[in-house]
Amino acid sequence: MKIAVLAAALSLSLPAAAAAQSSTRAADAYAQFLLGHHLEDGDDIDGAISAYKKAMELDPSASEIPAELAALYLRQNKVQDAMTMAEQALKIAPDNAEANRVLGIVYAALADAGGRSGGRGRARGGAASGNPGNPGNPGNNDENLVKAMHHLEQAIAHAPGEADPNVRATLARVYLQSDQFEKAIPLLTDLVNKEPGWGDGPMLLAEAYAGAGRTKDAIEWLESEDDPRLLPTLADFYERDRRWKDAANAYARALQAMPRNTELKTRYASALLNAGSREDIGKASELSARANDARALYLLSQAQRRLGDYAAAESSARKVIAQNNHSPWGYYALAESLEDAHKYQAVVDEIAPVVNQNRGKTGDQAFDIAMLLPHLGFAYQELGQHDKAIASFEEARRLAPKDANIAGYLIEANLAAKKYGAAADLARAAAAEHPDNVRLLRLQAQALRHTGKADQGVALLEESVKKHADDPAAYVALAQLYTDAQAIKLLQDAQTKFPDDTSIAFEIGAAYDKQKKFAEAESAFKNLLAREPDNSAALNYLGYMLAERGERLDESVSLINKALQLEPDNGSYLDSLGWAYYKADKLDLAETNVRRAAEQLPTNSVIQDHYGEILFKLTRYDAAIAAWNRALSGDGDSIDKTEIDKKIRAAKQKLGKK
């Protein structure tokens, strides 16, 4: 401190006697100041305080003295006294670094206490600016953050030399609490580089990157760090970037360092599930099977379901429910396992009572039925109970009005119910709320087509392709609305742009099939299967395409059976297999498989038509007529109602002869 020098400078404008007296007082003040330091070093705190106060009396214009006393009070945890002295110093010199440091640390501590006791901004009111009242009171939390930020920034700006790392670290934490992540990042980056022993630094920097939404920057930085403690954080950022395989690998490496960490095992299993290959899902199943807590059992159920073991998935889901029937997660896993097994009536029987029992519960009894309502809606829709499906999705949307997925489910339910006007209105409103959601735009275009405004739908999706040129789904949506020749050209251009996207390859095969260019369609599907042998949809499509033409029926059956190995209870695949057997004149096998499909999907007009054909050939004319009537009252997709009427008349004639 340069009190004597400062006093000497001021004395230049004073008369000689006054200047001499002032210089003497300043020198005495400096002596008391030094004495205060000495006494504090000897743990004579009362003596040090007394010396600082005498120094203040001798030189009240020196801001360094109350600032140093404020720091002493802070070290003794006398927070109110520390604040009083710091404020006194700032009245003399607003840019005093030490006084700003003291106030910044105090206000940061108050803000941190407020965050722990109830969150930012929840408690308002209290003491006026500059006087926080009881320093232990965490109220005025937002104001405390603002004051902490101001004083710490001043302390750093006016510090002699490089500011104390602790001060900069405190300011970084304040930036994080204030959601000013872009300010925190350079400060933390510098601290982490210069203070490698600061254990909290890397995690705080990762938090800043996350808050700023700079996932790729965070990944780049974390990948450059050789610290096993950061591997779970790196994995988390990979997950944010939907790099599931990389996330799983990072968790695996982290587990090598912490093999008994059950939380890491659970997160590893979750990443493996999202990675999606059967090998990854198998690993997830093995990991989850070793634990018996509800979360691990939930992941186990998900893995078993994805592997096609629906009975095991259902069993694991019921174990989750047994452990905690006040949580929706077990019921959610149960609904998914039953749904994938195409046991839609079972979904209704299991989930509807749970929704009814928990509807409207709040507080400690709150139960998130919004998680279950969509699955209840799916089940009702598959069972042809369209009004109940719509009601379920409407209730889900009331509970989650901003959820674009639920809005899409509601639109699809109205389309399935042939309520095209309502679907168009809902789609228009939802697309306005979520203008970048390609799925909602596709549904809006479908609704427009059904209301006789196909051109408007095409124009909408053409604009979507321009706006979302980097999204393969936009091209697929437009191709499905285009005429065949336009669709092929668009999809080929998209395939050049997105060579690894299998959804485009699938649509190319389907588009060729619609044009009756079967050789090209078959080539497209075979190329896809060469890249992705477990693509069940492609296996089924190619197998059904061969069956429909009555060609290479043994190959057709083989392809569809491979699809069914991946999805054993898929009604559409069962219908394809039955139809291939029908074409091969293996009527018993045809009836067995198509009957299962027809029972599972009673409103699917094509499947009911197929079932009618098989039953007719088996001379079961009454049953054939019933199946064809279900076809007429079903979804109506891809059938010729006039032809089915003729089939019904022919069956009635046969019945009369019989």
Side-chain angles (χ1 to χ4, degrees), residues 262-274 276 280-383 385 388-389 391-400 403 405-406 409 567-570 600:
T262 55
E263 173 66 17
L264 276 181
K265 289 178 182 177
T266 302
R267 292 172 68 180
Y268 180 33
S270 180
L272 286 167
L273 277 177
N274 282 306
D280 290 327
I281 296 169
K283 287 181 184 177
S285 179
E286 291 174 12
L287 274 170
S288 303
R290 297 172 190 169
N292 200 38
D293 62 280
R295 188 176 174 193
L297 285 168
Y298 171 81
L299 290 173
L300 178 60
S301 176
Q302 293 291 318
Q304 290 165 334
R305 177 179 62 84
R306 297 273 295 278
L307 290 169
D309 192 348
Y310 305 127
E314 179 182 341
S315 175
S316 296
R318 293 190 187 280
K319 289 178 183 177
V320 178
I321 295 169
Q323 287 199 14
N324 184 4
N325 64 359
H326 299 295
S327 166
W329 286 102
Y331 297 103
Y332 181 85
L334 177 60
E336 288 197 314
S337 63
L338 293 172
E339 193 175 283
D340 277 16
H342 305 281
K343 297 179 179 179
Y344 302 116
Q345 187 58 53
V347 174
V348 172
D349 294 341
E350 294 281 356
I351 302 303
V354 176
V355 169
N356 292 334
Q357 290 164 13
N358 291 282
R359 186 180 279 114
K361 288 184 178 179
T362 58
D364 292 339
Q365 299 296 314
F367 187 102
D368 189 6
I369 64 170
M371 290 177 60
L372 304 180
L373 283 165
H375 290 286
L376 191 55
F378 299 148
Y380 282 133
Q381 191 168 318
E382 292 293 343
L383 292 169
Q385 300 177 34
K388 288 184 178 181
S392 296
F393 292 129
E394 285 177 339
E395 184 177 2
R397 197 178 187 207
R398 285 193 295 272
L399 294 171
D403 192 316
N405 288 327
I406 291 176
Y409 302 150
E567 296 185 44
D569 295 299
N570 188 306
Q600 185 188 118

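Note that the structure is a prediction, hence the values are computed from the model and not measured. Values below: every heavy atom of this structure, side chains too, minus hydrogens, waters and symmetry copies.
Contact record, Ala341 with Asp569: O-CB, 3.6 Å, taken as the closest heavy-atom pair. What you find for Tyr331 and Ile351 is that their closest heavy atoms are O-CD1, 3.6 Å. Contact between Lys283 and Tyr268 at its shortest, heavy atoms only, is CD-OH, 4.5 Å. The shortest heavy-atom contact between Gln600 and Asn570 is OE1-C, 4.0 Å. In this structure, Leu334 and Ala317 approach most closely via the heavy-atom pair N-CB, 3.4 Å. Nearest heavy atom pair, residue Val320 against residue Gly330, reads CG1-CA, 3.5 Å.
Arg306 CZ to Ile281 CD1: the interatomic distance, rounded to the nearest 0.5 Å, is 4.0 Å. The CG atom of Leu307 sits 8.5 Å away from the CG atom of Leu273 when rounded to the nearest 0.5 Å. Atom CH2 of Trp329 is separated from atom CG of Leu372 by 10.0 Å, given to the nearest 0.5 angstrom. Taking OH from Tyr310 and CD from Glu339, the interatomic distance works out to 11.0 Å, rounded to the nearest 0.5 Å. Summarising the geometry, atom CD belonging to Glu314 is positioned 11.0 Å from atom CD belonging to Gln304; distances are rounded to the nearest 0.5 Å. Taking CD of Glu395 as the reference point, atom CG of Leu399 lies at 6.0 Å (rounded to 0.5 Å).
Ring to ring, Tyr344 and Phe378 are not that close: their centroids are 6.0 angstrom or more apart.
Looking only at distances, no side-chain donor or acceptor of Ser316 sits under 3.5 Å from a matching main-chain atom of Ala313. Checked by atom type and distance alone, the side chain of Ser392 pairs as donor or acceptor with a backbone atom of Lys388 at under 3.5 Å. In this structure, the side chain of Arg359 does not engage the main chain of Ile369 through any donor-acceptor pair within 3.5 Å. The backbone N or O of Ser270 sits less than 3.5 Å from a side-chain atom of Asn274, completing a donor-acceptor pair. Looking at Asn356, its side chain does come within 3.5 Å of a backbone N or O of Ala352 through a donor-acceptor pair. Ser315 places no side-chain N or O within 3.5 Å of a backbone atom of Ala311 that could act as its donor or acceptor partner.
Aromatic ring orientation, His375 versus Tyr332: perpendicular (interplanar angle above 60°, classes split at 30° and 60°).
Taking the salt bridge (charged side-chain N to carboxylate O under 4.0 Å, His left out) definition, one finds that Glu567 meets it with nothing, sequence neighbours left out. For Asp403, there are no salt bridge (charged side-chain N to carboxylate O under 4.0 Å, His left out) partners at least two apart in sequence or on another chain. Residues that satisfy the side chain to side chain donor-acceptor pair (under 3.5 Å) test with Gln381, not counting sequence neighbours, are absent from this structure.
Between Glu350 and Arg318 there is a salt bridge, since a side-chain N of the basic residue sits under 4.0 Å from a carboxylate O of the acidic one. Taking the charged nitrogens against the carboxylate oxygens, Glu263 and Arg295 do have a contact shorter than 4.0 Å, which makes a salt bridge.
Between Ser285 and Leu300 there is a side-chain heavy-atom pair separated by less than 4.5 Å.
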